[in-house]
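One-based numbering, in listed order, for ligands and for the atoms of each. Bear in mind that the values here come from a model prediction, so they are computed numbers and not experimental data.
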Amino acid sequence: MERSKYKRGEIMAEAMWWQNAVVYQVYPKSFQDSDNDGVGDLRGIINRLDYIKQLGVDVIWLNPIYKTSNIDGGYDISDYQKINPTFGNMANFEELLDKAHQKGLKIMMDLVVNHSSFEHEWFQKSVQDDSKDNKYRDYYIWRDPVDGHEPNNWGSFFSGPAWTYDEKSGQYYLHLFAKEQPDLNWDNQAVRNSIFDMMNWWAAKGIDGFRMDVISLISKPEGLPNAPIPEGALYGNSGDASANGPHVHDYLSEMNKQVLKKHDWITVGETAGVTTTEAEKYANLDGTELNMVFQFEHVSLDGNHNPTLGKWSDEHVSLMALRSNLVKWQKALAGKAWNSLYWNNHDQPRAISRFGNDSPEYRVVSGKMLAALLHFMQGTPYIYQGEEIGMTNANFQEMAQYKDLESINAYHELVEQEHLIPADVMMNYLRARSRDNSRTPMQWNSTTYAGFSDVTPWLEVNANHESINVDEALRDKTSLFYFYQKLIRLRHELPVITDGVFDLITDNEKDESVFAYTRKNDTEVLLVIANFTAQSVSRDYNIPHNSELLIQNYPDVISSSLRPYEVRAYLFPNQKDESV
Ligand code: TEU
């Protein structure tokens, strides 16, 4: 079939480069250790740029590489303009940026400005002097006790209250995350100016954009009122109380004017608590705020029914619920805002273990199904390191194996302190949802530490690295790696993947096993059919005779049958009179 002969940049008259791009997320701590201290570093990333380029992506998102107190994987920054010495130095970063650009790769940095580290100079000055003429006091959110207690009932994302008492000043300071991560006061113009100055400093180095950590939480509600405490929960939900606050869009519009609009950047907001209505503001196509957002609804559907336990669960989400949510976001943002597309990242468990099937029989075929299902939707896809070779959850058996404070604090609070669930149940939940699942070292080869390091890594290597690794993936022409490579190439070649209107095929919303949708533009129709289950199903779709089978995860096609996790994507001319 004659394909539309577009070349990149002609895909949509108003298409922006990041609407046709694919992003590869590198968690530097676990990517490649080049100096054998057991921790990944910038030189290690430089040494692997050709691998990333070979995949075909356009952008590398680097999780935080700044000087840090190392409480929360770098999300506690003690100097926004210095490099974490464990990762290297500024010269290493500049070399990485330059070599990435030489290879046609852009670098998106991670902006963590809802909070800083407690060791940041600003906070140190804020704590030392509680007098009104200390400008740094108001860089953070200090409040007097109420009835001798915390100023409100908010809980931290990392267990415990969201307030810590400072004996010296007799006040509490707010931290939605760990007590070592004090929240910055975005209502203070001086804070906003300091942050915009820092962003422009990085802009001058030639970076290509920012992923913005919990940016939906920066504008706190007036008066910091108590939040509703769900039945059985210990605290009010500070995320819900702070998300999409009264001035968040004012502050992002200000950031856009002061920094973002001067550059042809990619920007994505990590927007905990975002709704489709809010996303239309954050990621509006007029470009007055950000390019796109990460929403969290599809990765929250399998949370625990008991709100006290939140994400801690080992539930498997149903296709009915997952499809309904993904369809909602595809349709709600169409023509109004831009979606990001992701299954996993450094905070989420491995996609194949969570949404697919990580058994030896179905790991690759279900991984390919998930990849195709997501990458043919409208939005910018994000591939998390190791996803492209089908890495799986870590399956740790002992608490001592976990390093992430979110997991460790939750275990202490839910099992040891509140006795809400037995240890063995929590261990199952950690195996299913701990952030450490996605932070085990990248699996490069089958040697002792998977080629990540020559010494014991900071976090255990997944035991299955002997069979699941980059060397194997590059050797095997039917591997997930080459499947992702083809999906990325198709996105760069086929306009309909960027500009096609999304819709489910007739009656698919009732199908409990198969997710089937089309993308249509004036000239072409893309049809994606995915069996989300481990069972074979029979389905008859009237595939037009002149269609092209673009990609599939089985070696052949058995008409009217879809084998376990089978996915097929077809392309055919848009005759406009044929309904699929
Ligand atoms: O994550 C924000 C966030 O909402 C996470 O706490 C997420 O909901 C949770 O980890 C799911 O289990 C961002 C960063 O991605 C995360 O790594 C940081 O720990 C957090 O902010 C604080 O900066």
Which residue from [options] reaches closest to [atom] through any of its heavy atoms?
atom                    : options                        : answer
atom 3 (C) of ligand 1  : Glu270, Lys311, Arg433, Gln181 : Glu270
atom 5 (C) of ligand 1  : Val113, Asp347, Asp404         : Asp347
atom 22 (C) of ligand 1 : Asp72, Asn114, Thr271          : Asp72
atom 23 (O) of ligand 1 : Asp213, Asp110, Val112         : Asp213

Which ligand 1 atoms does [X] reach within 4.0 Å, using its non-hydrogen atoms?
X      : value
Phe157 : 4 (O), 6 (O)
Arg439 : 17 (O)
Arg211 : 14 (C), 15 (O)
Phe158 : 19 (O)
His346 : 14 (C), 15 (O), 16 (C), 17 (O)

Original post:
Does any pair with a residue in residues 311-322 pass side-chain hydrogen bond (donor to acceptor under 3.5 Å, both in side chains), and if so which ones, sequence neighbours excluded?
Top reply: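 Checked against side-chain hydrogen bond (donor to acceptor under 3.5 Å, both in side chains) - neighbours excluded - the pairs reaching residues 311-322 are Lys311-Glu406.
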For the residue pair [X] and [Y], would you count it as a cation-pi contact if the rule is NZ or CZ under 6.0 angstrom from the ring centre and within 45 degrees of the ring axis?
X      : Y      : value
Lys125 : Trp122 : no
Arg48  : Trp444 : yes
Lys106 : Trp61  : no

**OP:** Step through the shown structure and confirm whether more than 12 heavy atoms of other residues, nucleotides or ligands are within 6.0 Å of CD on Glu416.
**Re:** yes
Subject >> atom 15 (O) of ligand 1 protein-contacted, heavy-atom criterion under 4.0 angstrom >> reply: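 Answer yes: something from the protein, a heavy atom, is under 4.0 Å.
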Subject >> Distance from atom 6 (O) of ligand 1 to nearest protein heavy atom, with residue and atom >> reply: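 The closest heavy atom on the protein side is Phe177 CE2, 3.6 Å.
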**OP:** Could you tell me the residue and atom name of the protein heavy atom closest to atom 10 (O) of ligand 1, and the distance to it rounded to 0.1 Å?
**Re:** Arg435 NH1, 3.1 Å
Subject >> ligand 1 contact by His175, heavy-atom criterion under 4.0 angstrom >> reply: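 In this structure, His175 fails to qualify as a contact of ligand 1 - no heavy atom is under 4.0 Å.
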Original post:
Under 30°, 30 to 60°, or over 60°: which ring-plane class applies to Phe123 and Trp142, parallel, tilted or perpendicular?
Top reply: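 Taking Trp142 first and then Phe123, their aromatic rings lie parallel (interplane angle under 30°).
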Original post:
Under 30°, 30 to 60°, or over 60°: which ring-plane class applies to His375 and Tyr484, parallel, tilted or perpendicular?
Top reply: perpendicular
Subject >> Any residue meeting ring-ring contact (aromatic ring centres under 6.0 Å, His included) with His263, in chain and number order, not counting sequence neighbours >> reply: Trp265
Original post:
Can you find an N or O of Gln348 that's nearer than 3.5 Å to an N or O of ligand 1?
Top reply: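 N/O-N/O distance under 3.5 Å: no.
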Original post:
Going by an N to O cut-off under 4.0 Å, is there a salt bridge joining Arg43 and Asp33?
Top reply: no
